[in-house]
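Order of appearance sets the numbers: ligands from 1, and atoms from 1 within every ligand.
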Amino acid sequence: MEKYNPLTPEVIAELKRIVGEKHVITDPDGLDTYKTDQETDPHLFHTPEAVVAPDSTAQVAAIMKLANQYGFAVTPRSGGTSVSDGAIAVYGGVVMLMERMNKIEKIDPDGMYMVVQAGVRTLDVQQAARKEGMFYAGDPCSADSCLIGGNLATNAGGDKAVRYGTTRNQVHAIEVVLPTGEIANLGARTKKNTTGYCLDQLVLGSEGTLGIITRATLKLLPIAPYKSDVLLIFTDPRKATSIVPVLLKAGLNPTSVEFMDNGFVRASSDYSKIRLNHYEDGAYVILTLETYDEDEMDRKLVQVDELARQNGAVEVSMADDRVWTIRKNCLEGTRILSRVSTSDDFVVPLDQIADTIMDLSTMAQAYPFRIFTLAHAGDGNLHFNILKGDLSDEEWENALNSFHAKAYAYVYGHGGLLSGEHGIGAKKIHQLKTLTDPGQMLMMTTIKKALDPLDVLNPGKVIEKY
Ligand SMILES: Cc1cc2nc3c(=O)[nH]c(=O)nc-3n(C[C@H](O)[C@H](O)[C@H](O)COP(=O)(O)OP(=O)(O)OC[C@H]3O[C@@H](n4cnc5c(N)ncnc54)[C@H](O)[C@@H]3O)c2cc1C
């Protein structure tokens, strides 16, 4: 489709008929709230023509049928915590809010699963599972503000992916509204499945381009009774990064291995109003261990202490929640230092993570922006938070493009990829096309065009508009 049709009064009336008048926003002030997600650069904002909030799968399906009939774009939005411009309506039309679909429909501790609508907040999923003595392992740092449907759509990672995998590993089955408005139930609660194509996993992580996820059957696990958080502090950042493969190879099966450079430690400690040791000069590695046996935990803690000190840690101590507050506030802690900033999400093979952190940090020093380095190091996933500060638009764009060109070449040269967990969204769509194997791009484009012939669902994300 060359161009999307503007939303006419007739379409708005239809949308109101589907979801109810008070669940359709068309006034400029109301729409303004939805012009961005976590994007901070005003050049990348887009205000939608309407915002609609369905409360059932049938309503979502009816809206998609309408979009195909009248030729307007639909952008699904859950918590709006995307850092890749995923929830921005880059071609206008409708933003579809998933937040009213917020029922936890079933928790079955014996069957070890729960069924939720897509608009349940991730923290509420975690807490509901805990209340039944079970554990939901998906845990992005934004859990208090993102929704489970957003996590499923982006295949969110987070702090526990080292041990439990990303969101796609926590799912048995999903209900999806296809771009053309049909409803599909994908996956099963079985342990194994070679019954046709693995379509649930295709939709998971597709960033709302292949379907709108409306319901999910999530896996639950037993809660490990012994859990310890350990803070390893290094004054030499290279030693801090080098400890990561050592910890992973030691057979500790950690739940989390997180790295923060000293810039992040300071900025986030200031923001959180918490001071831990070596605030001035320390890089932090946070290690979480979980076991079902007390002696095993004791043995592992002794092993961690020895390994860390042998590899240059200046301090090894048991940590409390304060260290996780600092970790979880990293983005906010640096963002308040600059009105405009951007966040990178490189992922590399695990044996490359230590060198990659150090080499890219060194490379970044040649540029005029400020850069902070954070890593889900145990996953090989590296986040740079880059601040525009006082740079002019032109200086910012030139510096960022130059840094990214070099960083992408480095990352792909070391077997890595553009995104480990934040997704492509609208932000990295051109880089994806340039850097991805042509055969893979052909398959992705063919699938998208087959499922969404008019390109009405989340256009301009992952695959370029056609
Ligand atoms: C402070 C902070 C910390 C973060 N930490 C992490 C982290 O540790 N790990 C991580 O992976 N990410 C992290 N993120 C990024 C973000 O939180 C995740 O990508 C999250 O999964 C997005 O969820 P959301 O509900 O906010 O979705 P949104 O931002 O609303 O949407 C994300 C994408 O999914 C699509 N979408 C939303 N709902 C649906 C649906 N029901 N069906 C189909 N498509 C849909 C949207 O169109 C968009 O493309 C962080 C972000 C912030 C601001």
Which of the numbered atoms in ligand 1 are below 4.0 angstrom from a heavy atom of [X]?
{"X": "Cys146", "answer": "23 (O), 24 (P), 25 (O), 26 (O)"}
{"X": "Ile212", "answer": "42 (N), 43 (C)"}
{"X": "Arg77", "answer": "30 (O)"}
{"X": "Leu331", "answer": "1 (C), 2 (C), 52 (C), 53 (C)"}
{"X": "Gly208", "answer": "43 (C), 44 (N)"}
{"X": "Gly211", "answer": "43 (C)"}
{"X": "His376", "answer": "8 (O)"}
{"X": "Ala156", "answer": "11 (O), 21 (O)"}

Residue selection (non-hydrogen contact nearest [atom]) among [options]:
{"atom": "atom 12 (N) of ligand 1", "options": "Lys328, His422, Arg215, Gln117", "result": "His422"}
{"atom": "atom 37 (C) of ligand 1", "options": "Ser78, Gly157, Gly79", "result": "Ser78"}
{"atom": "atom 15 (C) of ligand 1", "options": "Thr81, Thr167, Thr75", "result": "Thr81"}

Protein contact to [atom] [nearest heavy atom, distance to 0.1 Å]:
{"atom": "atom 45 (C) of ligand 1", "value": "Ala153 CB, 3.4 Å"}
{"atom": "atom 29 (O) of ligand 1", "value": "Ser82 N, 2.8 Å"}
{"atom": "atom 6 (C) of ligand 1", "value": "Cys141 N, 3.8 Å"}
{"atom": "atom 28 (P) of ligand 1", "value": "Gly80 N, 3.6 Å"}
{"atom": "atom 49 (O) of ligand 1", "value": "Gly86 O, 3.0 Å"}
{"atom": "atom 41 (N) of ligand 1", "value": "Ile213 O, 2.9 Å"}
{"atom": "atom 33 (C) of ligand 1", "value": "Thr154 CG2, 3.7 Å"}
{"atom": "atom 47 (O) of ligand 1", "value": "Pro76 O, 2.6 Å"}

I'd like to check whether [X] has a polar contact with ligand 1, where a contact means an N/O of the residue lying under 3.5 Å from an N/O of the ligand.
{"X": "Leu147", "result": "yes"}
{"X": "Arg335", "result": "no"}
{"X": "Ser142", "result": "yes"}
{"X": "Asp139", "result": "no"}
{"X": "Glu332", "result": "no"}

*ligand 1 versus Thr166: contacting region, heavy-atom distance under 4.0 Å*: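 No part of Thr166 comes within reach of ligand 1.
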
*Taking non-hydrogen atoms only, is Glu421 closer than 4.0 angstrom to ligand 1 via side chain, backbone, both or neither?*
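Answer for Glu421: both.
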
*Would you please indicate yes or no on a ring centroid separation below 6.0 angstrom for Tyr164 and Phe135?*
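Phe135 vs Tyr164: aromatic centres under 6.0 Å.
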
*What about Phe264 and Phe372, are their ring centers closer than 6.0 Å?*
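Close enough - the centres of the two rings lie under 6.0 Å apart.
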
*For the side chain of Asn262 and the backbone of Ala283, is there at least one donor-acceptor N/O pair under 3.5 Å apart?*
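No; judged by distance alone, with no hydrogens or angles, the pair does not exist.
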
*Is the side chain of Ser338 donor-acceptor paired with the backbone N or O of Thr334 at a distance under 3.5 Å, no angle test?*
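Not a single qualifying donor-acceptor pair exists.
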
_Let's go through Glu397 and Asn401 carefully: what are the C-alpha distance in whole Å and the side-chain angles of both, what is the deciding distance for side chain to side chain donor-acceptor pair (under 3.5 Å) to 0.1 Å, and is it a yes or a no?_
CA-CA 6 Å; Glu397 213 167 290; Asn401 287 342; 4.6 Å; no

[Y]/[X] salt bridge by N-O under 4.0 Å criterion:
{"X": "Asp139", "Y": "Lys328", "answer": "yes"}
{"X": "Glu14", "Y": "Arg17", "answer": "yes"}
{"X": "Glu207", "Y": "Lys461", "answer": "no"}

Lys/Arg cation over aromatic [Y]: [X], 6.0 Å, 45° cone:
{"X": "Arg189", "Y": "Tyr113", "value": "yes"}
{"X": "Lys388", "Y": "Phe369", "value": "no"}
{"X": "Lys449", "Y": "Tyr466", "value": "yes"}

*Which distance, rounded to the nearest 0.5 Å, do you find between the CZ of Arg168 and the CG of Leu202?*
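Nearest 0.5 Å value for the CZ-CG distance: 9.0 Å.
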
*Going from CZ on Phe403 to OH on Tyr367, what distance comes out if it is rounded to the nearest 0.5 angstrom?*
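If we round to the nearest 0.5 Å, Phe403:CZ and Tyr367:OH are 7.5 Å apart.
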
_Any atom of ligand 1 sitting under 4.0 Å from a heavy atom of Asn151?_
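Flag set, Asn151 near ligand 1.
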
*Derivation of the salt bridge (charged side-chain N to carboxylate O under 4.0 Å, His left out) call for Arg121 and Glu99*: CA-CA 8 Å; Arg121 195 169 61 128; Glu99 64 198 25; over 6 Å; no

*Among Thr217, Leu199, Leu204, find the residue that satisfies the side-chain contact (heavy atoms from CB on, under 4.5 Å) test when tested with Ile174.*
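So, applying the side-chain contact (heavy atoms from CB on, under 4.5 Å) to Ile174 and each of Thr217, Leu199, Leu204, only Leu204 qualifies.
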
*For Pro48, which of Val95, Val74, Val94, Thr26 qualifies under side-chain contact (heavy atoms from CB on, under 4.5 Å)?*
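For Pro48, the side-chain contact (heavy atoms from CB on, under 4.5 Å) test succeeds with only one of Val95, Val74, Val94, Thr26, which is Val95.
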
